[in-house]
Amino acid sequence: MQAPIKDKNDIKIFILYLMRNIGYPLDFANINDIVVQDGLVGYFDFAQCFAELLDTGNIREIKPEKEKDDELYEVTEQGIRVAENLESNLLGYIKEKSLKSALRLLSFKKRGSEIKCSAVPTEDGKYIMTCTIIEERREIMKVTVLLESRAQFEKMRYNFNDRPETVYRGILALLSGEVNYLLD
């Protein structure tokens, strides 16, 4: 797992990169989700940097057409130039992986899907991990396992959050016998 991004300029470039490559305006909650979901940026760092990007004109607010709709935000031309011209310590594969993860999350949200992964410590130092996928307000998958350590949970949570659809398909394939060769 990648270490968190601490440099404010890198966080700003990261936000601009993701928003620009998503390609359409998003509300604040979705921008927050795609930026912080992989653990590279903390919520408070995100909120501070996002506010600064708004103040400097790198991101603009789009007023909603209807009163009940949320404000949407998009990258300005200036923000695009900033993201393209400023150097960043972020490796290309980190940005690409995060973009893929962001697009997957937005796709899940458009379909009404939600992923959850949590752990509860037990008295003997182990963890009970539960991973859930919900579509159209119905649980389509819920898996609960007992793990030996917090480190094991973090690794499995990262993998589930990174590829929930792959985990889901894998479980279905194992249960249906389609991949019994793995069991031999």
Side-chain angles (χ1 to χ4, degrees), residues 1-66 68-118 131-136 153-169:
M1 191 158 79
Q2 178 67 32
I5 304 169
K6 294 296 181 192
D7 182 83
K8 298 292 186 203
N9 285 328
D10 283 344
I11 293 171
K12 291 174 187 176
I13 293 169
F14 185 64
I15 293 168
L16 292 171
Y17 171 82
L18 289 176
M19 288 181 68
R20 175 176 174 242
N21 285 287
I22 294 295
Y24 54 88
L26 297 168
D27 63 14
F28 181 83
N30 277 318
I31 297 167
N32 173 68
D33 289 349
I34 66 172
V35 173
V36 304
Q37 74 171 333
D38 290 330
L40 295 174
V41 177
Y43 172 76
F44 293 111
D45 289 334
F46 162 74
Q48 181 182 17
C49 290
F50 187 83
E52 290 174 15
L53 287 167
L54 269 171
D55 290 343
T56 57
N58 292 302
I59 294 174
R60 78 172 139 247
E61 180 181 348
I62 302 170
K63 297 291 182 192
E65 292 180 17
K66 298 175 186 167
K68 65 179 180 161
D69 291 342
D70 291 333
E71 293 87 11
L72 298 176
Y73 300 91
E74 66 183 357
V75 178
T76 63
E77 290 299 320
Q78 173 183 310
I80 291 170
R81 284 192 305 276
V82 167
E84 289 174 347
N85 295 326
L86 286 183
E87 288 297 316
S88 172
N89 293 325
L90 299 176
L91 298 175
Y93 79 90
I94 293 170
K95 292 193 296 189
E96 289 173 20
K97 184 178 179 311
S98 295
L99 178 60
K100 179 182 165 194
S101 185
L103 292 169
R104 188 196 72 249
L105 177 68
L106 293 172
S107 173
F108 258 58
K109 285 187 173 192
K110 281 184 180 177
R111 290 192 336 245
S113 301
E114 183 180 351
I115 57 171
K116 297 179 181 179
C117 189
S118 62
C131 297
T132 309
I133 299 176
I134 301 167
E135 286 192 0
E136 298 176 4
F153 162 68
E154 292 296 340
K155 182 178 180 182
M156 289 184 174
R157 178 181 67 159
Y158 178 79
N159 190 54
F160 177 71
N161 287 336
D162 190 45
R163 294 181 286 273
E165 67 284 350
T166 303
V167 172
Y168 177 68
R169 285 194 319 265

With sequence neighbours excluded, residues passing side chain to side chain contact (heavy atoms under 4.5 Å, CB included) with [X]:
{"X": "Leu72", "result": "Pro25, Asp27, Ile62"}
{"X": "Phe44", "result": "none"}
{"X": "Ile80", "result": "Arg20, Val75, Glu77, Glu84"}
{"X": "Thr76", "result": "Arg60, Gln78"}

(message) Going by the rule salt bridge (charged side-chain N to carboxylate O under 4.0 Å, His left out), which residues pair with Lys116 if we only count those two or more places apart in sequence or in a different chain?
(response)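 Residues passing salt bridge (charged side-chain N to carboxylate O under 4.0 Å, His left out) with Lys116: Glu114.
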
(message) Is any side-chain heavy atom of Ile15 closer than 4.5 Å to one of Phe46?
(response)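 Yes. Closest side-chain heavy atoms under 4.5 Å.
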
(request) Report yes or no: does Asp45 contribute a side-chain atom to a donor-acceptor pair with the main-chain N or O of Val41 at less than 3.5 Å? (result) no

(message) Could you report the tightest heavy-atom contact between Tyr43 and Asn32, atom names first, then the distance?
(response) CD1-OD1, 3.0 Å

(message) If I compare all heavy atoms of Ile133 with all of Pro164, which pair ends up nearest, and what's the gap?
(response) CD1-O, 3.6 Å

(message) Applying side-chain hydrogen bond (donor to acceptor under 3.5 Å, both in side chains), can you list everything that pairs with Arg81, at least two apart in sequence or on another chain?
(response)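 side-chain hydrogen bond (donor to acceptor under 3.5 Å, both in side chains) check on Arg81 returns nothing, list empty.
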
(request) Just jot down the side-chain hydrogen bond (donor to acceptor under 3.5 Å, both in side chains) partners of Asn159, sequence neighbours excluded, or say none. (result) Arg163

Name every donor-acceptor pair, under 3.5 Å, that has one atom in a side chain of residues 47-57 and the other anywhere in the protein, sequence neighbours excluded.
from, atom 1, to, atom 2, distance (Å)
Gln48, OE1, Lys8, NZ, 3.2
Glu52, OE1, Lys12, NZ, 2.5
Thr56, OG1, Glu52, O, 2.9
Thr56, OG1, Leu53, O, 3.3
Thr56, OG1, Asn58, ND2, 2.7

(request) Can you measure from OH (Tyr24) to CG (Asn30) and round to the nearest 0.5 angstrom? (result) 7.5 Å

(message) So, taking the atom named SG in Cys117 and the one named CZ in Phe160, what distance separates them when rounded to the nearest 0.5 Å?
(response) 6.0 Å

(message) Can you tell me which residue among Ile11, Asp10, Val35, Ile5 is in a side-chain contact (heavy atoms from CB on, under 4.5 Å) with Leu40?
(response)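 With Leu40 as partner, Ile11, Asp10, Val35, Ile5 yield a single side-chain contact (heavy atoms from CB on, under 4.5 Å), made by Ile5.
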
(request) Take Leu18 and Ile31 through the test side-chain contact (heavy atoms from CB on, under 4.5 Å) and record every step on the way to the result. (result) CA-CA 9 Å; Leu18 289 176; Ile31 297 167; over 6 Å; no

